[in-house]
Structure formats: structure tokens, C-alpha cells
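The structure appears below as C-alpha cells.
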Amino acid sequence: MNPRTAPRATFQEQVLDTLGREICSGQIRPGQLLPPEADLCARFGFSRIVIREAIKSLAAKGLLEVTRRVGTLVLEPTRWNLFDPDIIFWRAESAVFDPILSRDLMEMRRVIEPAAVRMAALRASDEDRRNLRAAYMAMARAVAGKGDYVKADLAFHTTILSACGNQFVRQMQDAMSALLRVSFDVITTKPGGPAHSLPLHEAVCVAIEQGDAEAAERAALILIDGAEEDLRELVPVRVQEARSAPSAPALAQAAG
């Protein structure tokens, strides 16, 4: 299960999570005003302080703009912090999952990952290589039914991002991890998908262990090609399932 779907620990986080999902799914549309603070307090059963802190967090993510005269306005997606991990998950979990999101995700992977893999092959420390091998072995155990494949897959890719030795790429790790989880959560629903991708990951791992930058980059591109093909196949199925769900018509209408 996606850890972001677990109940949040605090009242503020519960409000943040609920409103964030409603905005990212289109239930609350750009240009709309949020209900007054008193109405939100009544809806959630929490104090004004809790509501204000949640609103402040959503505003910091670019979802809302708070003004005294107008109220709390929902902003256009172009204003959102699209690299914020919460926003990534909220958009991906929406019943109106946007196929454009999967396309842009794969384009981002093509921009970042091959270069990161190439740099990791040249710069990875012995510890980085051990961690990468350990993540791969965890993936292999998961394919055999002993472990969480998505968790191990994420560890594999985030190890590469860290091992590439670029401070800006490292700074993107949280966002990239969220983006990768979105694709992994879809791709791993394909029967036999993890088993098929396992040797592709091993090729990346071996190339980095051997310090072969060109082989590592080639292996990464093959891996991304396979993931892109799987997403192209699975996303329409997910969209159709979402449209068939009981709540989907209302959400689709709200999203316009």
C-alpha cells in the first residue's frame, strides 16, 4: 500500500491531506474559493488553529492563495509546486488520473535517470555499490515472494540518485522518489512485470559496479523504455476502472 494513503498523524495533516486530494482531483476547482474558516471548522470538527495551519501548508505548496478581501482561492495547476511529494501523490491517487501525468513522468525520467546512472558509474563509492547491490537483491527476494518489490525498487533508484554525486540531483531525491513511486505503483500491477524488469535492473547494477558509464546509460534507457511501454498499456486500464467506480462521475464532472 502507498504509505501516503495511511492516516496522517495530526489533525492538521488530516485536513491538509483531505483538502489537498480534493484540489488535486478537481473536486475543488481552480478559481473557486474554499469555504469560510468557520465552515471548515464545522466540517472537520477541529479548531481554527488547525484549519489555519493546514491552509498555510497548502498555500506554501502553491495550491492556495489567501487574501483578506477575496478569501482563500484555489490556484491553477501552473502555480502548484509540482515537485512537492504530497502533490505528486495526490494527483496520482485521484480517481481522474491524468494520462498526461504519466507521459510527463516518463519524460522526466528520461531527462534525469540516464545521466544520473552514467555519473553513478563514474563516481559511486564502494558503499554506494554495496547499497545498490543490496537493493537489487531485495528486489529479487520480492519477486520470489519475500518482500515489498516497490520499496526495494525505490531504494535501488534513490541509491543511484545519491551515488551520482551531483548536489542538485540529490536535492531532487524526495521529488524523484515520489515520481518513481507513482509509476512503480502502476507498473507492478502488470502480471509478471517485476520479474521481467529484474534482469534489466541487474544490468544497470552490474554496469555501475564495473564503472562502465556507457553500459550503465544504455541499460537505464532500456529499463525506462520498458517502463514507458508498461505505463502506456496500463494507464488506460486504470482510467477506465476509475471511471467505472461509483464516485467517478461526480469527480469527473468536478474536474471538467
Would you say CD1 of Ile49 has more than 12 non-hydrogen atoms from neighbouring residues, nucleotides or ligands within 6.0 angstrom? no
Please round to the nearest 0.5 Å and tell me the distance separating atom CD of Gln210 and atom SG of Cys205. 10.0 Å
So, for Met106 and Glu228, which heavy atoms are closest and what is the spacing to 0.1 Å? CE-N, 3.7 Å
Can a donor-acceptor pair be found, under 3.5 Å and without considering hydrogens, that links the side chain of Thr18 to the backbone of Gln14? yes
Quick one: are Leu19 and Ile55 in side-chain contact, heavy atoms under 4.5 Å? yes
State, to 0.1 Å, how close Ala121 and Ala207 come at their nearest heavy-atom pair, and which atoms those are. CB-O, 4.3 Å
Side chain to side chain contact (heavy atoms under 4.5 Å, CB included) evaluation trace for Arg91 with Leu82: CA-CA 10 Å; Arg91 294 180 71 197; Leu82 298 181; 3.7 Å; yes
Using a 4.5 Å cut-off on heavy atoms from C-beta on, say whether the side chain of Val66 contacts that of Lys56. no
Would you say the side chain of Phe89 lies within less than 4.5 Å of the side chain of Arg181, judging by non-hydrogen atoms? yes
Is there side-chain contact between Phe46 and Glu53, with heavy atoms separated by less than 4.5 Å? no
Nearest heavy-atom approach of Ser177 to Thr158 is OG-CG2, 2.8 Å
Are any non-hydrogen side-chain atoms of Leu40 and Val15 less than 4.5 angstrom apart? no
Given Val206 and Arg133, is the side chain to side chain contact (heavy atoms under 4.5 Å, CB included) satisfied, shown in steps? CA-CA 9 Å; Val206 169; Arg133 173 57 63 173; 3.8 Å; yes
Give, for atom CG of Leu63 and atom CG of Asp84, the distance between the pair rounded to the nearest 0.5 Å. 8.0 Å
Do the side chains of Arg21 and Asp17 get close enough for a salt bridge, i.e. N-O under 4.0 angstrom? yes
Check whether any side-chain heavy atom of Glu113 sits under 4.5 Å from a side-chain heavy atom of Leu180, and report yes or no. yes
Would you indicate whether Gln173, at its atom CD, is surrounded by more than 12 heavy atoms from other residues, nucleotides or ligands within a distance under 6.0 Å? yes
Shortest non-hydrogen contact from Cys164 toward Met119: O-CB, 3.6 Å
Among Val169, Asn166, Val117, find the one that has a side chain to side chain contact (heavy atoms under 4.5 Å, CB included) with Leu161. Val169
First locate atom CE of Met176, then atom CE of Met108, and finally report the distance between them rounded to the nearest 0.5 Å. 7.0 Å
I need the minimum non-hydrogen distance between Ser162 and Arg170, along with the two atoms involved. O-NE, 2.9 Å
Does this structure show an ion pair linking Glu127 with Arg130, if we count only N-O contacts that are shorter than 4.0 Å? no
Please answer: with hydrophobic residues joined when any side-chain heavy atoms are less than 4.5 Å apart, are Ile224 and Val204 in the same cluster? no
Applying salt bridge (charged side-chain N to carboxylate O under 4.0 Å, His left out) between Asp225 and each of Arg110, Arg232, Arg218, report the one that passes. Arg110
Measure the spacing between CE of Met139 and OG of Ser197 and express it to the nearest 0.5 Å. 5.0 Å
Rounded to the nearest 0.5 Å, how far does OG1 of Thr72 lie from CD1 of Ile51? 11.0 Å
For Tyr149, the ring-ring contact (aromatic ring centres under 6.0 Å, His included) test, sequence neighbours excluded, returns none
Quick one: do the Ser125 and Asp128 side chains pair a donor with an acceptor below 3.5 Å? yes
Distance col, row Tyr136:OH vs Ile208:CD1, nearest 0.5 angstrom, shows 13.5 Å
Note, Ser57 side chain near Gln12 side chain (heavy atom, < 4.5 Å): yes
Look at the aromatic rings of Phe156 and His201 and report parallel, tilted or perpendicular, splitting at 30° and 60°. perpendicular
Just so I know, are the side chains of Lys61 and Ile23 near enough to count as touching, which here means a heavy-atom distance under 4.5 Å? no
Are Val143 and Phe184 co-members of a hydrophobic cluster defined by side-chain heavy atoms under 4.5 Å apart? no
For atom CD of Gln171, decide whether the heavy atoms of other residues, nucleotides or ligands shown that lie under 6.0 angstrom number more than 12. no
Of all the heavy-atom pairs spanning Leu34 and Val74, show the shortest one and how long it is. CD2-CG2, 4.3 Å
